[in-house]
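Since the structure is predicted, the reported quantities are computational estimates derived from the model, not experimental observations.
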Amino acid sequence: MLALEQLYEKEYDRWLSETIELLKNRQFDRVDYEHLIEELAALVRSEKTAVKSLSSPIQV
């Protein structure tokens, strides 16, 4: 079985599913924190961009 760090690079969907299961099962010692933090930070940036685009006036 590939380590979570390797899954992140090769099989992102599987990495995500396994990370979710580890968190649900409170197996925190097995979580790939480096990539999880990276993904959460990207999600925050994406959400901020979406909010900014919604609040910008429409230019015609």
Side-chain angles (χ1 to χ4, degrees):
M1 182 171 134
L2 292 174
L4 278 180
E5 294 84 3
Q6 293 173 319
L7 279 180
Y8 181 81
E9 301 296 333
K10 297 179 182 198
E11 297 180 51
Y12 177 79
D13 290 344
R14 191 167 144 211
W15 172 86
L16 191 56
S17 295
E18 289 195 23
T19 298
I20 290 168
E21 286 304 310
L22 289 172
L23 292 170
K24 282 181 180 178
N25 294 322
R26 310 251 187 297
Q27 293 178 304
F28 303 123
D29 58 320
R30 297 184 52 208
V31 172
D32 174 10
Y33 286 104
E34 181 179 337
H35 289 121
L36 179 58
I37 292 167
E38 186 178 307
E39 289 300 314
L40 290 172
L43 179 61
V44 168
R45 286 190 301 274
S46 174
E47 291 295 315
K48 283 182 180 180
T49 301
V51 169
K52 283 180 186 177
S53 69
L54 289 174
S55 62
S56 298
I58 298 175
Q59 297 185 8
V60 181

Are any of the side-chain heavy atoms of Phe28 and Arg26 separated by less than 4.5 Å? yes
Pairwise distance CG(Leu4) to CG(Leu22) - rounded to 0.5 angstrom: 6.0 Å
Do the non-hydrogen side-chain atoms of Tyr8 and Glu38 ever get within less than 4.5 Å of each other? yes
Please report the interatomic distance CG(Leu16) to CD(Glu21), rounded to the nearest 0.5 Å. 10.5 Å
Whether His35 and Trp15 hold their rings parallel, tilted or perpendicular, with breakpoints at 30° and 60°: perpendicular
What's the spacing between Leu43 CG and Lys48 NZ if we round to 0.5 Å? 11.5 Å
Going through the checks in order, is the side chain to side chain contact (heavy atoms under 4.5 Å, CB included) test met by Leu36 and Leu23? CA-CA 11 Å; Leu36 179 58; Leu23 292 170; 4.3 Å; yes
Rounded distance (nearest 0.5 Å) linking atom CG of Asn25 with atom CD1 of Ile20: 12.0 Å
Please say yes or no: joined through hydrophobic side-chain contacts below 4.5 Å, possibly via intermediate residues, are Tyr33 and Tyr12 part of one cluster? yes
